[in-house]
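Let me begin by presenting the structure, written as structure tokens, before commenting on it.
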Amino acid sequence: MDLSIIIVNYNVKEFLQNLLHSISKATTNISSEVIIIDNASDDGSIELLQEKFPWVNLIINKENIGFSKANNIGLKLAKGKFLLLLNPDTIVQEDTFEKMISFFDAHIEAGLAGCKILNPDGTLQLACRRSFPGPWTSFCKVSGLSNLFPKSKLFARYNLTYLDENQTYEVDAISGSFMMIRKEVYDKIGGLDEIFFMYGEDLDWCYRVQKSGYKVYYYHGTQIIHYKGESTKRSSLDETKVFYEAMHLFVQKHLASSFLVEIILRTAIILRKFISFIAKKKLVFISLFFDFIFFNISLLIAEKIYESFRDWRGFPDFSLSIVYTIPALIQIFTSAFLGVYNKEHIGVLKNIGAIIAGFFILSSITYFFKDFAYSRGVVITLYVTLLIVLSTWRIVLKMIYRMGVPSLEFSASKALIVGSNSSALELANKLKSKTSSLYSFIGLISLTRKDINREINGLTVVGSIENIKKVIHEHKINEVIFSSDELSYNSMMQIVSQCQNENVEFKLVGGDLDFLVGKSSVNLLNEVPLIGINYNISQFVNRFLKKSMDLIFSILSVIFFFPLMIFQQKDDGTYSPRKLIQQIPQVLFGKMSLVGPKSLKSDSKLYLGKPGITGLWLTEGDNEENNEKLDIFYAKNQNIWLDLEIIGKTISRFLIKRK
């Protein structure tokens with residue numbers, strides 16, 4: 001047998017299915033076997049393999065035993081002349097295995113080799129060629145010098161970014177996502193070291209191969225795509241911690257005398273964990289900082305106001321540090337206890353409740369500490385000021401800087417579908433019908449130039465695979481979707497590789513047109529019926545705030561703007577400011593809302609809110625094809641900040657139109 005392919009799977013069913021389709025095409029001219037070791041997946045992977053891929057030798061583990069142990073099970077069963085460890089979240093070209101075997105046949109000194117590995121956006125995955133983590137190499141990697149000077153041979157040794165990716169050369173190490181080894185080398189050095197749960201085992205294997213007298217190579221003649229980190233996303237592992245601890249294990253095993261490397265790696269683990277902690281809690285730290293500063297500013301303001309009305313000289317100098325620190329901390333602890341500080345958002349309503357609670361707590365405490373007590377007038381003035389100041393800075397950060405507000409993407413992705421057969425057209429129809437995502441199809445990419453400008457079922461062929469890069473650039477495409485049954489994997493990867501600087505995401509549809517695989521997600525194309533689901537807009541707090549905002553805005557608008565409509569000239573255009581303002585009385589009487597869906601569909605089983613005089617349907621183009629999706633998106637994500645953003649966009653749209 002020429003080749004044994006060993007794959008360890010953990011909850012990446014869709015990626016694995018695409019990989020096996022590509023493997024079946026890549027093994028046409030060679031004798032091979034595929035051994036899959038499943039590490040207790042619960043996403044339906046086992047059922048999928050048993051039903052659709054009975055030719056796979058499937059080993060099922062009852063628990064996740066780790067990457068090294070699972071691969072060793074497959075290595076012991078393998079019968080091929082060459083053994084390949086391959087990640088399940090990869091796709092191979094039709095010629096990948098044949099070219100790798102030919103490379104080994106031409107280089108008898110090669111014991112282990114990896115090919116060129118691409119990210120889903122076409123860029124080179126740096127881990128496919130590396131150096132061992134010696135003292136200087138580790139320091140440059142951890143300190144960021146390798147990123148600052150990627151073309152420097154002195155600083156960029158770890159990922160060898162100073163070398164041409166389109167050349168073949170000997171390296172220290174390759175990526176564990178694709179490692180091909182000669183059977184006789186495996187028999188000589190053994191399998192992966194099982195002290196490594198995940199990460200580090202590939203470095204260790206490369207090191208042992210070289211110690212046995214063979215060389216490790218990076219071979220550029222063929223390439224694969226690797227959707228890096230898909231298994232770790234589905235686990236509870238701290239990926240950064242596991243990575244650096246694996247480096248530490250490698251150093252202990254092979255570079256034990258290098259105390260400096262151990263210190264560098266340990267420092268890196270602590271530093272990365274600290275940075276990660278700060279990043280996750282940044283909104284909490286920002287809130288704490290501003291609350292403390294603004295509390296003391298408010299106290300100073302309260303003192304000055306009180307002094308202007310009463311003959312009061314302020315606090316004794318010796319007590320200033322106490323009266324400006326302890327009360328601020330009391331207020332902060334009160335806010336923390338009441339849940340004001342949250343890593344996901346900046347609370348406004350809870351903050352008001354905390355200020356009221358803090359007022360009573362601080363007022364009570366002053367009775368027990370007469371020497372440091374505030375005047376009641378100062379306390380009252382302080383908390384009135386706090387109510388304004390602490391609420392204001394939160395609202396400003398939310399409205400202007402979007403801090404603490406979920407990032408919501410509701411604009412349509414500009415997409416191309418590579419293919420022009422019936423499968424490509426069926427895929428386009430499925431994506432158009434999805435209510436959970438928006439697609440603006442620019443057109444189709446044909447396999448030949450002769451189809452350009454031809455219209456197929458309402459979609460125009462805008463280019464061919466020869467000029468796809470130009471089409472992507474001219475139309476500012478966000479996504480390119482491959483119809484896998486019409487295009488070879490070799491052609492797909494050539495397109496991905498040549499478009500690596502176009503900032504576009506490439507996606508591959510599953511064989512049965514039931515899912516779409518991209519670098520950031522797996523999208524199911526068969527929509528789940530949206531029946532009986534309660535979205536944000538149905539929640540009591542959101543409905544109360546929305547109703548309050550409708551009432552306040554409509555009263556102010558009727559007073560200040562509505563009379564002006566009598567003197568305003570008629571406005572051309574389908575939806576003018578005049579028409580919008582004329583609908584404000586309907587908001588006042590509760591028949592409409594300031595922001596909402598375009599119309600209220602009586603046949604809908606979902607509550608999407610009252611019709612709005614504006615909404616995403618207006619700010620995002622008022623396209624009938626996408627309006628229903630926009631309405632569902634709005635209902636799902638509705639909150640007062642999204643409403644304010646939409647109102648702001650509406651005003652901007654009308655102002656720009658007038659100019």
Side-chain angles (χ1 to χ4, degrees), residues 238 240-241 267 269-306 314-315 317-366 368-369 372-375 378-408 541-542 545 639-642 644-645:
D238 183 336
T240 301
K241 180 182 178 182
T267 303
I269 293 171
I270 295 170
L271 184 61
R272 290 278 179 155
K273 288 175 72 174
F274 177 73
I275 292 172
S276 176
F277 175 77
I278 294 295
K280 289 178 181 178
K281 304 282 188 180
K282 65 180 179 181
L283 288 180
V284 173
F285 288 111
I286 288 171
S287 298
L288 289 171
F289 174 78
F290 278 121
D291 279 0
F292 185 84
I293 295 297
F294 284 127
F295 184 97
N296 285 292
I297 291 174
S298 299
L299 176 56
L300 186 60
I301 292 171
E303 283 185 48
K304 298 302 180 184
I305 292 174
Y306 190 74
F315 300 105
D317 292 340
F318 73 89
S319 68
L320 288 179
S321 60
I322 297 175
V323 298
Y324 278 95
T325 303
I326 302 301
L329 293 178
I330 290 172
Q331 180 60 50
I332 285 173
F333 282 125
T334 302
S335 298
F337 179 77
L338 294 176
V340 172
Y341 305 120
N342 189 291
K343 67 178 182 179
E344 302 294 338
H345 62 268
I346 296 175
V348 177
L349 294 178
K350 285 186 178 180
N351 175 65
I352 293 173
I355 290 172
I356 295 170
F359 170 75
F360 288 108
I361 292 172
L362 193 61
S363 298
S364 302
I365 290 175
T366 57
F368 298 98
F369 298 94
F372 306 103
Y374 298 106
S375 161
V378 173
V379 174
I380 293 171
T381 308
L382 165 64
Y383 274 90
V384 170
T385 308
L386 276 182
L387 194 63
I388 298 170
V389 173
L390 297 191
S391 298
T392 300
W393 80 252
R394 284 171 162 80
I395 292 171
V396 168
L397 287 187
K398 278 177 172 283
M399 292 185 64
I400 298 178
Y401 298 103
R402 304 292 299 162
M403 293 185 66
V405 180
S407 178
L408 303 174
V541 173
N542 288 343
L545 291 174
N639 59 60
I640 192 170
W641 309 108
L642 179 57
L644 289 171
E645 182 177 348

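Between L382 and F295, the closest side-chain pair of non-hydrogen atoms falls below 4.5 Å. V389 has its side chain out of reach of I297: every pair of non-hydrogen atoms, C-beta onward, lies at least 4.5 Å apart. Within the 4.5 Å cutoff, side-chain heavy atoms of Y383 are placed close to those of L386.
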Run the side-chain donor-acceptor check on residues 285-294: report pairs under 3.5 Å with partners two or more places apart or on a different chain.
from : atom 1 : to   : atom 2 : distance (Å)
S287 : OG     : L283 : O      : 2.8
D291 : OD1    : W393 : NE1    : 3.2
D291 : OD1    : R394 : NH1    : 2.9
D291 : OD1    : R394 : NH2    : 3.4
D291 : OD2    : Y341 : OH     : 2.7
D291 : OD2    : R394 : NH2    : 2.9

Throw together a table of side-chain donor-acceptor distances under 3.5 angstrom for residues 348-359, partners on residues two or more places apart or in other chains.
none

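The shortest non-hydrogen separation linking T334 to I330 is OG1-O, 2.8 Å. Of all heavy-atom pairs spanning T381 and T385, the tightest one is O-OG1, 2.7 Å.
Taken to the nearest 0.5 Å, the CD1 atom of I301 stands 11.0 Å off from the CG atom of N296. Atom-to-atom distance recorded for S298:OG and L390:CG is 6.0 Å, nearest 0.5 angstrom. Of the inter-residue distances, the one linking I326 atom CD1 with Q331 atom CD reads 14.0 Å to the nearest 0.5 angstrom. Between the CZ atom in F333 and the CD1 atom in I361 there is a gap of 12.0 Å [rounded to 0.5 Å].
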